[in-house]
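These numbers come from a predicted model, not from an experiment. We count residues from 1, following the sequence as given.
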Amino acid sequence: MRGGRRLFPLLLLALLPGLCHGKEPAPGAVTCGSVLKLLNTRHSVRLHSHEVKYGSGSGQQSVTGVEASDDANSYWRIRGKSDSSCQRGTPVKCGQAIRLTHVNTGKNLHTHHFPSPLSNNQEVSAFGDDGEGDDLDFWIVQCSGTYWEREDAVRFKHVGTEVFLSITGEQYGHPIRGQREVHGMPAANHHNYWKAMEGVFIKPSLDPAKHDEL
């Protein structure tokens with residue numbers, strides 16, 4: 001019995017890493033504070049914005065899709081509805097509402113009841129200043145597991161108007177020739193799947209300062 005008593009704590013220590021690991025999010029989870037590009041899996045273009053305003057509709061900063069993988073205007077930062085609701089390094093859960101802030105201009109991905117210029121779907125724009133906009137900047141991440149994983153194709157459903165972030169292939173002319181229209185669609189379909197691509201991903205860790213550069 002004495003030997004058994006000494007052995008039990010050793011067995012517990014041996015099992016403890018495995019027990020704790022089951023509570024940790026997968027290392028491939030997309031986390032708050034990460035900066036990434038989003039690829040539309042149907043049309044193979046990345047979500048993009050720039051200091052070009054729509055000539056119709058809201059007149060706000062336009063959001064498009066581009067084929068180039070190395071365009072610096074395609075980076076977006078993952079944020080929560082408030083900074084406290086999505087602390088740096090926290091994995092984003094399926095069903096969580098987030099903001100996507102355009103890194104180079106500080107405006108948030110946004111939609112509202114204006115028609116998009118080419119397809120007459122719902123206009124998607126970039127709105128706000130220094131990352132602060134309004135309640136129409138919130139998008140729900142739709143995925144199948146517990147967390148948004150980098151390898152998963154996910155949808156973004158707008159909280160305020162319930163449309164899905166989509167591309168159906170329409171192309172702009174001058175001054176953004178060849179770029180695709182990004183818009184909101186009321187139905188979930190193959191035009192509104194997105195995948196995390198290039199970026200700087202903050203590791204899900206007790207130490208949020210650690211990150212993984214890709």
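Formation of a donor-acceptor pair under 3.5 Å by the Lys53 side chain with backbone atoms of Gln61 is not found in this model. Here the side chain of His183 pairs no donor or acceptor atom with the backbone of Ser116 at under 3.5 angstrom. Here the side chain of Ser74 pairs no donor or acceptor atom with the backbone of His48 at under 3.5 angstrom. A donor-acceptor pair under 3.5 Å links the side-chain atoms of Tyr54 to the main chain of Val124, judged by distance alone. Distance alone, capped at 3.5 Å, places no donor-acceptor pair between the Asp137 side chain and the His110 backbone.
The side-chain heavy atoms of His112 and Ser58, taken from C-beta on, include a pair separated by under 4.5 Å. Residues Arg155 and Trp194 have side chains not in contact (no heavy-atom distance under 4.5 Å, counting atoms from C-beta outward).
Not less than 6.0 angstrom separates the ring centroid of His102 from the ring centroid of His50.
Looking at Asn192, Ile98, Leu47, Thr111 one by one, the single match for side chain to side chain contact (heavy atoms under 4.5 Å, CB included) with Phe156 turns out to be Ile98.
Looking at Arg99 and Asp83, a side-chain N of the basic residue comes within less than 4.0 Å of a carboxylate O on the acidic one, giving a salt bridge.
Linking Ile, Leu, Val, Met, Phe, Trp and Tyr whenever their side-chain heavy atoms come within less than 4.5 Å leaves Leu136 and Trp139 in two separate clusters.
Contact detail for Gly89 and Thr31: the closest heavy-atom pair is O-CG2, 3.6 Å.
Note that CD of Gln96 is 10.0 Å distant from CD1 of Ile78, once rounded to the nearest 0.5 Å.
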